[in-house]
Number of protein chains: 2
Amino acid sequence: MEFKEAKEQFLQTWGALGSQWGINKTMAQIHALLMISPDSLSMEEIMEELQISRGNASMNLRGLIDWGIVYKEYKPGERREYFKADQDVDSLARKIAIERSKREIQPTLRVLEDVRNFDENDSSEAQKFKQKTQELYDFVSRADTMLEKITNQKENWVTKTIMKLMT
Amino acid sequence: MEFKEAKEQFLQTWGALGSQWGINKTMAQIHALLMISPDSLSMEEIMEELQISRGNASMNLRGLIDWGIVYKEYKPGERREYFKADQDVDSLARKIAIERSKREIQPTLRVLEDVRNFDENDSSEAQKFKQKTQELYDFVSRADTMLEKITNQKENWVTKTIMKLMT
DNA sequence: TTAAAGTTTCAATAATATGTGAAAGTTTTT
DNA sequence: AAAAACTTTCACATATTATTGAAACTTTAA
């Protein structure tokens, strides 16, 4: 396999993985491209490499910056903006965890809480509903606590955890 | 809030959460509906409650059965098939973890391995590529090991883990 | 064996999500 | 201050994914 080919396949695969986990394909690809680039890239270069339009590149780069995993860089003497990705995979995971919790899990927990305050109704249907939404609430908040753990540690939490479990 | 309303909102929210995590909305909703139903439901009842077509119901129920989180039930003397959801939230999480690992993570790991065997090329670009794909490989397989942990324990792994970390 | 009751499939359609490109906006240089 | 270099926005186009509904299929009961 040629290097170019390998790179191509990697960008494709990573993009596909992204979509399966709720991150849009192009965004995942831009991020992947920046991760493997020794130097920061201009928007032109990104457009060229991924064959995408300026608008698309601009929007998704902004998205990545909002997620806090890509930075703008200004090169001295250069007008153009360059972009670089956070280089640390663990810090990447941490940031994604924080954001997804904030954007998706917290709102879901709020709804799960709300939804149990309906007017008195003691049908078995209502009973079961209360019970299951409670269970889901407990489960989701446990999962969220895990994400928080990842979040609050500088050190790599995943490895540490696995070490503990293996002993 | 009325019970009916609460139920409605729950089904909506759970469906939305599903889409954000790569599970199709209807599938998530059917599953949610079965979770909170005291009795198993026929396809008719599901169609009615979620206002979806027969085809849609059939396809997504099959999907849920493939994932191993919904079962068919035959009531004695009844012709029609009834469906019920796995009632245990932890076992649900376990099954989803197994399937997503098999369907998404394993293939990605294979690509990440493959992609580093390109023809000799010692450009800094190629070096960086090798390094980052290695780091990603390590990270993804660590994450996968975590999922496997969830998978191989009867007992609730998440709670156990958090307990360990808190002591 | 055939009608009835039910389920599945799949081509057509609808809904949603993504991407484009040109115009508008911004900043820097001359 | 106005032209050049670049970025952002957004209405529209395209692609992707989900849904429908009717026909085909399967199973059971009479």
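Lettering of chains follows the sequences in order, A, B, ..., and the numbering in each one begins at 1.
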Anything under 3.5 Å between a donor and an acceptor, one on a side chain of residues 53-63 of chain B, the other on a protein residue two or more places apart or in another chain? List them.
unit_1: B/S53; atom_1: OG; unit_2: B/N56; atom_2: N; d: 3.2
unit_1: B/R54; atom_1: NH2; unit_2: B/E44; atom_2: OE2; d: 2.6

Between P on D/dA5 and OH on A/Y82, what's the gap in Å once rounded to a whole number? 15 Å
Identify, with sequence neighbours excluded, every residue that meets salt bridge (charged side-chain N to carboxylate O under 4.0 Å, His left out) alongside A/E8. none
The side-chain contact (heavy atoms from CB on, under 4.5 Å) partners of B/Q9 (sequence neighbours excluded) come to A/V111, A/V115, B/M1, B/T13
With sequence neighbours excluded, residues passing side-chain hydrogen bond (donor to acceptor under 3.5 Å, both in side chains) with B/K75: none
Spacing of CG belonging to B/D138 relative to CG belonging to B/L109, to within rounding of 0.5 Å: 10.0 Å
Counted 5' to 3', the first and last nucleotides of DNA chain C within 4.0 Å (strictly under) of a heavy-atom of chain A are C/dT18 to C/dT28
Letter by letter from the 5' end, nucleotides 9-23 of chain D scores (B base, S sugar-phosphate only, - none; protein heavy atoms under 4.0 Å) BB-------SSBB--
Residue set satisfying side-chain contact (heavy atoms from CB on, under 4.5 Å) with B/S91, at least two apart, ordered chain then number -> B/D86, B/D88, B/R94, B/K95
Set of residues satisfying side-chain contact (heavy atoms from CB on, under 4.5 Å) with respect to B/K132, sequence neighbours excluded: A/M35, A/I36, A/Q87, B/K128, B/E135
Tell me every residue that passes side-chain contact (heavy atoms from CB on, under 4.5 Å) with A/E125, counting only those two or more places apart in sequence or in another chain. A/S123, B/F3, B/K7, B/P38
Using a strict heavy-atom distance below 4.0 Å, which residues from residues 71-80 of chain B are in contact with DNA chain C? B/K72, B/R79, B/R80
Table please: side-chain donor-acceptor pairs of residues 98-108 of chain B below 3.5 Å, with sequence neighbours left out.
unit_1: B/E99; atom_1: OE1; unit_2: B/R103; atom_2: NE; d: 2.8
unit_1: B/E99; atom_1: OE1; unit_2: B/R103; atom_2: NH2; d: 2.9
unit_1: B/E99; atom_1: OE2; unit_2: B/K102; atom_2: NZ; d: 3.3
unit_1: B/R100; atom_1: NE; unit_2: B/E104; atom_2: OE1; d: 3.1
unit_1: B/R100; atom_1: NH1; unit_2: B/W21; atom_2: O; d: 2.5
unit_1: B/R100; atom_1: NH2; unit_2: A/Q20; atom_2: O; d: 2.6
unit_1: B/R100; atom_1: NH2; unit_2: B/W21; atom_2: O; d: 3.4
unit_1: B/R100; atom_1: NH2; unit_2: B/E104; atom_2: OE1; d: 3.1
unit_1: B/S101; atom_1: OG; unit_2: B/Q106; atom_2: NE2; d: 3.2
unit_1: B/S101; atom_1: OG; unit_2: B/D144; atom_2: OD1; d: 2.8
unit_1: B/E104; atom_1: OE1; unit_2: A/W21; atom_2: NE1; d: 3.1
unit_1: B/Q106; atom_1: NE2; unit_2: B/D144; atom_2: OD2; d: 2.7
unit_1: B/T108; atom_1: OG1; unit_2: B/E104; atom_2: O; d: 2.8

Who passes side-chain hydrogen bond (donor to acceptor under 3.5 Å, both in side chains) against B/E78, sequence neighbours left out? B/Y82
